[in-house]
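Here is how names work: the chains are called A, B, and so on, in the same order as the sequence lines, proteins then strands, and each is numbered from 1.
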Amino acid sequence: MALLQIVEPGQTTAPHQHRLAVGIDLGTTNSLVATVRSGVAETLPDATGSHLLPSVVRYFADQAPIVGQEARDHAGEDPLNTIASIKRLMGRGRCDVRRTGNHLPYAFAGCEEGMAILKTAAGEVSPVEVSAEVLKVLKERAESALGGELVGVVITVPAYFDDAQRQATKDAAYLAGLKVLRLLNEPTAAAVAYGLDRGSEGIHAIYDLGGGTFDISILHLHQGVFEVMSTGGDSALGGDDMDHAVAEWILAESGIAPSADQQRVRQVIEMARIAKERLTVDEAVPLRLDLPDGTVWTETLHRSTFDALIDPLIARTLHACQRALRDADVTASEVKNVVLVGGATRVPRVRKKVADLFGHEPISDLDPDRVVALGAAIQANILVGNKPDDEMLLLDVIPLSLGIETMGGLVEKVIPRNTTIPVARSQDFTTFKDGQSAMVIRVLQGERELVRDCRSLARFELRGIPPLVAGAARIRVTFQVDADGLLNVSAQELSTGIRSSVQVKPSYGLTEAEIERMLRDSMDHAREDVDARNLREQQVDADRVLDSLAHALVADAALLSQSERVVIDEAVAELASVRRGTDHRAIHAAREHLERVSQAFAARRMNRSIQQVLTGHRLTEFSEGQ
Amino acid sequence: MDGVMDNPFERFGIAPIFDIDEPHLAETFRRLQRVVHPDRHAGGSEQERQRSVEQAAAVNEAFRTLRDPVRRARCLLALRGVDTQEGVRTFRDPVFLMDQMELRARLEEAREAPDPLGLLSEVKEVLQKRRVALIGEVSGFLRQDTPESLGQAAERVRRLGFFERIAEEANLLEERLTDCLPRGGMD
Amino acid sequence: MSYSTKVIDHYENPRNVGSFDKADQDVGTGMVGAPACGDVMKLQIKVNAAGVIEDARFKTYGCGSAIASSSLLTEWVKGKTLQEATEIKNTQIAEELALPPVKIHCSVLAEDAIKAAIADYQAKKAVQ
């Protein structure tokens with residue numbers, strides 16, 4: 001048992017060392033990064049002391065992009081290259097752009113059917129790359145504040161984000177060099193930050209109105225377990241839309257044509273946003289605009305007018321709330337607390353309407369701009385292993401039904417909305433031609449019956465179906481949604497046991513090959529940077545596995561026979577040894593080898609823990625592996 | 001996946017009977033998820049994480065089956081070799097079907113009535129009463145555990161299928177009635 | 001692709017919706033249901049002394065394909081003898097409406113409904 005006593009930098013025999021992990025709120029308007037330090041969750045400011053990072057990226061022809069307040073300050077001058085609210089385009093297509101009207105007044109490339117792509121001075125960029133720029137800044141901010149490399153990050157997404165939007169978020173993190181521990185739903189993150197579970201058992205609602213998205217989640221909380229009962233919302237509705245409603249009013253009142261030049265429109269939108277914020281405190285706000293003909297237009301915007309302008313938007317959110325309550329099978333009066341999250345909930349009219357629906361005053365003690373990042377930081381801290389005894393468990397749901405296209409343009413639902421994740425469902429298919437070796441399955445998300453009324457997610461091409469007579473093959477396709485809410489499709493022909501390979505062609509996203517290419521392109525010194533990055537990744541992964549295994553061996557060495565233990569120890573020593581070097585392939589191989597030889601041990605541990613739950617007492621003898 | 005564990009009762013370590021201890025079930029669910037959930041295995045290997053996803057999905061599925069009386073009944077019948085045949089057998093009991101038609105007609109009428117939500121909530125109450133009564137009958141038949149009583153239980157489960165459908169219709173109607181949005185908003 | 005135009009037509013302009021008096025001696029009533037999807041179908045025929053179906057009515061709660069299947073069937077049986085009506089196969093209905101595979105069971109339900117209505121009528125006649 002003495003083989004593990006080597007102490008090396010990066011390798012530890014003390015499984016409870018603090019690992020650097022952060023939570024990131026990648027918001028439509030602003031982004032934040034937070035961490036848990038000395039047991040307390042806090043957001044990290046930049047050098048000037050700002051905690052919020054405006055999610056704005058400005059591109060140039062001849063220099064690196066600028067991110068944040070500086071970019072936003074110049075939005076009016078350079079509207080086509082200053083990209084804001086990119087979250088609205090994550091996982092979306094060119095066709096969605098048209099629907100947003102002048103909310104996203106940028107130049108677009110690409111075809112009607114595919115992903116939305118922006119034309120900037122720096123060339124064509126995808127929404128994923130724009131988001132990656134924001135994430136890079138946050139990564140740097142965190143690593144400089146914490147004095148080390150991040151082991152992992154929890155990134156939040158609106159609960160109502162579909163698979164494509166989630167995958168795009170994960171892709172952006174990958175491009176930014178971040179290891180994603182979990183995609184966490186924003187309302188759930190807020191519930192964690194508020195520590196709602198610590199009170200007595202109850203049902204709580206989280207009303208999250210951000211810059212561009214709205215979520216409502218109904219959760220059942222009890223002693224560390226957050227069970228989401230239902231979730232609903234609108235991934236294209238937020239504070240931005242309030243700004244636009246006011247901007248349209250200003251344009252109409254001042255007589256400026258809506259088709260006026262982009263600069264002017266952006267300025268009016270900015271004016272509207274400031275007016276909205278002022279009206280949180282003041283009953284009326286004076287407006288002043290220089291008109292194209294040289295005159296000056298002045299007007300006073302009263303809160304009552306503002307309320308009337310935004311009431312239709314609020315009504316939409318309340319409608320989603322009612323549906324979520326119905327899906328959860330609870331009444332508004334059964335909800336103990338309703339928590340407000342997101343900057344737009346500062347608007348007094350919003351608070352009033354929410355209070356009316358739920359019958360009591362909502363809670364908003366924590367800063368609605370920061371609460372999501374704080375919750376993410378708390379979960380990141382646990383996932384990375386800093387609090388092995390923490391009992392917190394987040395049981396989330398899939399927000400939209402998943403279905404497959406069947407003949408006749410109909411959608412057959414495979415996984416209904418609000419199903420607790422992870423979830424796996426299987427469907428059997430057969431071939432219709434002799435020797436057919438491939439099959440295409442189109443997956444959609446949505447509640448409607450017809451394909452054209454749902455969102456296309458991806459085409460899954462199954463290849464390598466063994467040649468059989470038509471109708472003889474039984475292909476079991478398994479749809480698995482993981483804890484991030486991401487779909488994974490696998491297929492197996494049942495009579496032969498042969499697994500098909502599955503190629504994913506996302507409808508509005510990037511293929512793996514495209515991401516890898518983007519990663520390479522983003523590096524100036526391509527070759528060295530790729531190698532350095534690979535090395536870092538392998539070292540971090542190796543450390544993770546060594547840490548985790550060391551902890552497991554301390555707890556459950558009794559589950560291994562002498563000979564099994566020797567094999568594992570040898571593999572550990574091998575990995576520890578190559579980890580000291582710079583050959584990332586060798587580290588990768590040694591890690592895979594260690595994972596293989598310790599797999600049975602891991603399975604045994606899990607089974608033993610399961611048995612303990614079922615029988616309710618500790619088993620002292622070890623059982624044979626499966 | 002662990003083949004033998006396709007039996008949700010075994011997965012939760014409880015006896016395969018209809019009348020279960022619901023708080024105990026919920027507690028077992030939480031305890032099992034604390035062991036298998038991916039959040040507990042974020043630091044593990046690829047295989048370990050995949051296994052965790054599979055196990056957590058299986059626990060979720062078993063819980064879904066066990067906590068809903070109708071699904072639980074179907075499962076128990078299947079374990080006893082009785083197929084409720086809901087996909088294939090046309091249902092022919094005229095009295096029952098007549099009642100179904102009347103309830104659906106009432107839902108239709110509610111839409112045009114002066115107090116639609118009031119009428120709707122009356123219908124929902126009736127639906128709830130019928131459902132509870134049927135579940136009680138299912139429980140009784142399952143407890144008797146004879147071939148005839150199991151057949152009766154299966155027949156009652158087929159009836160409950162119809163009630164599930166009406167409940168969906170009622171919910172859809174409620175959604176439409178409470179939908180008072182002005183059309184043509186921001187999109 | 002979407003529902004076939006014929007299905008949409010029957011769904012939006014259903015023929016023969018309504019009821020006859022069940023107690024009427026010339027009326028046969030068939031009531032069937034599909035538990036899996038909760039569809040409920042009532043199909044009634046009015047038969048004359050010569051054993052020919054003079055008129056038919058239906059009332060169906062269910063999806064578009066179920067409504068269209070029963071609507072189509074009530075059109076088809078008018079003027080047919082009981083024997084001819086009994087011979088109608090669900091596949092004919094499915095083909096006429098171009099039903100996709102997942103909706104074939106709706107045509108099966110319609111076939112079951114007409115057979116039940118005929119059986120009900122014949123049982124009444126046997127008692128007389």
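You'll find the side chain of N60(B) reaches within 4.5 Å of the side chain of T420(A), heavy atoms only. Counting heavy atoms from C-beta on, the side chains of H37(B) and L395(A) come closer than 4.5 Å. Two residues are said to be in side-chain contact when any heavy atoms from C-beta on lie closer than 4.5 Å; E54(B) and Q480(A) meet this criterion. You'll find the side chain of P38(B) stays beyond 4.5 Å of the side chain of D482(A), heavy atoms only. Between E46(B) and E592(A) there is no side-chain heavy-atom pair separated by less than 4.5 Å. Within the 4.5 Å cutoff, side-chain heavy atoms of E175(B) are placed close to those of H319(A). Side-chain contact between H41(B) and S548(A) is absent, with no heavy-atom pair separated by less than 4.5 Å. Between L614(A) and I14(B) there is no side-chain heavy-atom pair separated by less than 4.5 Å.
By the 4.0 Å N-to-carboxylate-O rule, E227(A) lies too far from R30(B) to be salt-bridged with it.
Comparing E48(B), R49(B), Q33(B), E27(B) by how many heavy-atom pairs each has under 4.5 Å with chain A, the most go to Q33(B). Listed options L394(A), I382(A), L181(A) were ranked by heavy-atom pairs under 4.5 angstrom with chain B; first place goes to L394(A). Of the listed residues (R326(A), E595(A), R591(A)), the greatest number of heavy-atom pairs within a distance under 4.5 Å of chain B belongs to R326(A). Ranked by heavy-atom pairs under 4.5 Å with chain B, the first of R425(A), Q379(A), R605(A) is R425(A).
Distance CZ/R596(A) to OG/S45(B): 11.0 Å, rounded to 0.5 Å. Note: R31(B) CZ to S609(A) OG = 13.0 Å, rounded to the nearest 0.5 Å. Here the straight-line distance linking atom CG of N171(B) with atom CZ of R323(A) works out to 10.5 Å at 0.5 Å rounding.
When atom types are taken as modelled, the side chain of R544(A) and the backbone of G43(B) share a donor-acceptor pair closer than 3.5 angstrom. Between the side chain of R34(B) and the main chain of E391(A), a donor-acceptor pair closer than 3.5 Å is present.
Contacts of N488(A) with chain B are absent, with no heavy-atom separation under 4.5 Å from either backbone or side chain. D39(B) touches chain A through backbone and side chain together, each having a heavy atom under 4.5 Å away. Interface remark: T419(A) contributes backbone and side-chain atoms alike to the contact with chain B (heavy atom separation under 4.5 Å). With a 4.5 Å cut-off on non-hydrogen atoms, E61(B) touches chain A through its side chain but not through its backbone.
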